[in-house]
Protein chains: 2
Amino acid sequence: MARRKNDPSFPASNTMLVLALLEGGDKYGYQIIRELECRSDRTFSMKEGTLYPILHGLEARGEVRSYEQASDAGRRRRYYQLTRQGVKTLARCRQEWAAFCKQFGKVVGGEACVLG
Amino acid sequence: MARRKNDPSFPASNTMLVLALLEGGDKYGYQIIRELECRSDRTFSMKEGTLYPILHGLEARGEVRSYEQASDAGRRRRYYQLTRQGVKTLARCRQEWAAFCKQFGKVVGGEACVLG
DNA sequence: TAAGAATACATCGAACTTCGAGGTATCGGG
DNA sequence: CCCGATACCTCGAAGTTCGATGTATTCTTA
């Protein structure tokens, strides 16, 4: 996920979202965008220019593998499937996300802190 | 904060952290970095190359104003203070962060969703 | 008292993420 | 027959952050 050490921001959240969606079963690109919209109550609307590079990157890094399978209607579809590596990465991302949330909330929440 | 509409990621979190820290009183750059480290249990370690451009940007956009004030030791310090605009921005950021968290958690948490 | 660590500011290029616009093609309905 | 939805893709522009580097001053410690 290319998160840099000690990076206070949480980038590549889109990549994590993709991994999480694939956990629920193999999916093709267009479907990922629709499902994300649905699962987030229309809050998240990932763009194709964002998604496809992410999928290609994940595949290049071995987090997912893909296969082509036409729909009933004969429409071309490329499905993506989590690899064991991808599952592990997702688990790590979840931990990192939880840690980030906790610390971020602590700072923006406004708890006091006495500096040495 | 330059967040783009419908952006599933939450960028510029560093900017939000800076605003939140300034809410606790005027602070100078180096102090912001130390306090952030402290308040986040050493999890966040903002780099100077990150912070100073952020502060300059916030000032240019009227979210903060600055003034110079030497320390007891005679060391040069530039303090930053939230403007009314900055306070409003921080409030908006908090709402956006809460909304993002909720939706992000919903997706990576794995709730089911039936697509139409 | 000299060296090095800490304080304090700043800028720059490289890397990464994301958008938005554009391109190609197929399928179904009006 | 056209248009909207489906389905894939690429490219350049914009924004964020790091890491390196630079400049000064003050404090600590050997």
Side-chain angles (χ1 to χ4, degrees), chain A residues 1-19 26-38 44-61 66-80 93 100 104 115-116, chain B residues 1-19 26-38 44-61 66-80 93 100 104 115-116:
Chain A
M1 304 274 307
R3 283 205 53 215
R4 303 183 204 84
K5 226 179 25 167
N6 288 331
D7 186 351
S9 87
F10 197 76
S13 20
N14 276 323
T15 304
M16 181 171 168
L17 288 173
V18 170
L19 291 174
D26 302 2
K27 289 179 180 56
Y28 55 95
Y30 200 79
Q31 184 184 13
I32 290 173
I33 290 173
R34 296 285 149 258
E35 279 216 19
L36 179 59
E37 255 179 27
C38 173
F44 297 157
S45 179
M46 203 183 299
K47 302 306 179 290
E48 306 196 355
T50 302
L51 177 64
Y52 289 111
I54 285 176
L55 286 172
H56 301 158
L58 284 173
E59 186 162 30
R61 293 203 303 283
S66 74
Y67 54 94
E68 209 149 343
Q69 195 177 71
S71 71
D72 293 344
R75 216 184 283 276
R76 163 189 170 225
R77 284 172 177 170
R78 176 160 293 277
Y79 283 83
Y80 290 87
C93 282
F100 176 80
F104 193 80
L115 273 174
Chain B
M1 302 280 303
R3 282 206 52 216
R4 303 182 205 84
K5 228 179 23 168
N6 288 330
D7 186 352
S9 88
F10 197 76
S13 19
N14 277 323
T15 304
M16 182 171 169
L17 288 173
V18 170
L19 290 175
D26 301 1
K27 289 177 179 57
Y28 55 97
Y30 200 78
Q31 184 184 12
I32 290 173
I33 290 173
R34 296 284 149 259
E35 279 216 19
L36 179 59
E37 255 179 25
C38 172
F44 297 157
S45 179
M46 203 184 298
K47 302 307 178 290
E48 307 196 353
T50 302
L51 178 64
Y52 289 111
I54 284 176
L55 286 172
H56 301 157
L58 284 173
E59 186 163 29
R61 294 203 302 281
S66 75
Y67 53 93
E68 209 149 341
Q69 195 177 71
S71 72
D72 293 345
R75 217 185 281 277
R76 162 191 169 225
R77 285 171 176 171
R78 175 160 294 278
Y79 282 84
Y80 290 87
C93 284
F100 176 80
F104 193 79
L115 273 174

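In what follows, chains carry the letters A, B, and so on, assigned in the order in which the sequence lines appear, proteins first and then strands, with residues in each chain numbered from 1. Source: prediction; values computed, not measured.
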Chemist: What's A/G49 touching, base or sugar-phosphate or nothing? Going by heavy atoms closer than 4.0 Å.
Modeler: base
Chemist: For A/Y28 and C/dT26, give me the distance from atom OH to atom C1', rounded to whole Å.
Modeler: 14 Å
Chemist: If I take atom CD1 in residue A/I32 and atom P in nucleotide D/dC8, what distance separates them, rounded to the nearest angstrom?
Modeler: 9 Å
Chemist: Of B/P53 and B/E48, whose nearest nucleotide on DNA chain D comes first from the 5' end?
Modeler: B/P53
Chemist: Over how many whole Å does the gap from B/E59 atom CD to C/dA10 atom P extend?
Modeler: 9 Å
Chemist: With sequence neighbours excluded, tell me which residues meet side-chain contact (heavy atoms from CB on, under 4.5 Å) with B/R78.
Modeler: B/S66, B/E68, B/Y80
Chemist: Starting at CD of A/E37 and ending at C1' of D/dA5, how long is that distance when rounded to a whole Å?
Modeler: 13 Å
Chemist: Could you tell me which residues satisfy ring pair (Phe, Tyr, Trp, His ring centres under 6.0 Å) with A/Y79, sequence neighbours excluded, listed by chain and number?
Modeler: A/Y28, A/Y67
Chemist: In whole Å, I'd like the distance from the NZ atom of A/K47 to the P atom of D/dG12.
Modeler: 21 Å
Chemist: Identify, with sequence neighbours excluded, every residue that meets side chain to side chain donor-acceptor pair (under 3.5 Å) alongside A/Y52.
Modeler: none
Chemist: Taking atom P of D/dT17 as reference, at what distance in whole Å does atom CE of B/M46 sit?
Modeler: 8 Å
Chemist: Test of understanding: with salt bridge (charged side-chain N to carboxylate O under 4.0 Å, His left out), list the residues that count as partners of A/E59, not counting sequence neighbours.
Modeler: none
Chemist: Would you kindly give the CG-to-C1' distance between B/L51 and C/dT7, to the nearest whole Å?
Modeler: 14 Å
Chemist: Specify the separation, in whole Å, of atom CG of B/L36 and atom P of D/dT17.
Modeler: 12 Å
Chemist: By nearest atom, which of the nucleotides D/dC9, C/dA10, D/dG19 is closest to the B/H56 side chain?
Modeler: C/dA10
Chemist: The side chain of B/Y30 lies closest to which of these nucleotides: D/dT6, C/dT7, D/dT17?
Modeler: C/dT7
Chemist: Any chance you could measure A/R77, atom CZ, to A/R75, atom CZ, to the nearest 0.5 Å?
Modeler: 8.0 Å
Chemist: Looking at residues at least two apart in the chain, or sitting in another chain, which of them share a side-chain contact (heavy atoms from CB on, under 4.5 Å) with B/I33?
Modeler: B/E48, B/L51
Chemist: Could you tell me whether the side chain of A/T15 reaches within less than 4.5 Å of the side chain of A/V18, counting heavy atoms only?
Modeler: no
Chemist: At under 4.0 Å, does any side-chain N or O of B/N14 touch on OP1 or OP2 of D/dT17?
Modeler: yes
Chemist: Enumerate the residues from residues 68-79 of chain A whose closest heavy atom to DNA chain D is under 4.0 Å, giving them by residue number; use none for an empty result.
Modeler: A/R75, A/R76, A/R77, A/R78
Chemist: Of all the nucleotides listed (D/dC9, D/dT17, C/dA10), which has the minimum atom distance to the side chain of B/Y52?
Modeler: C/dA10
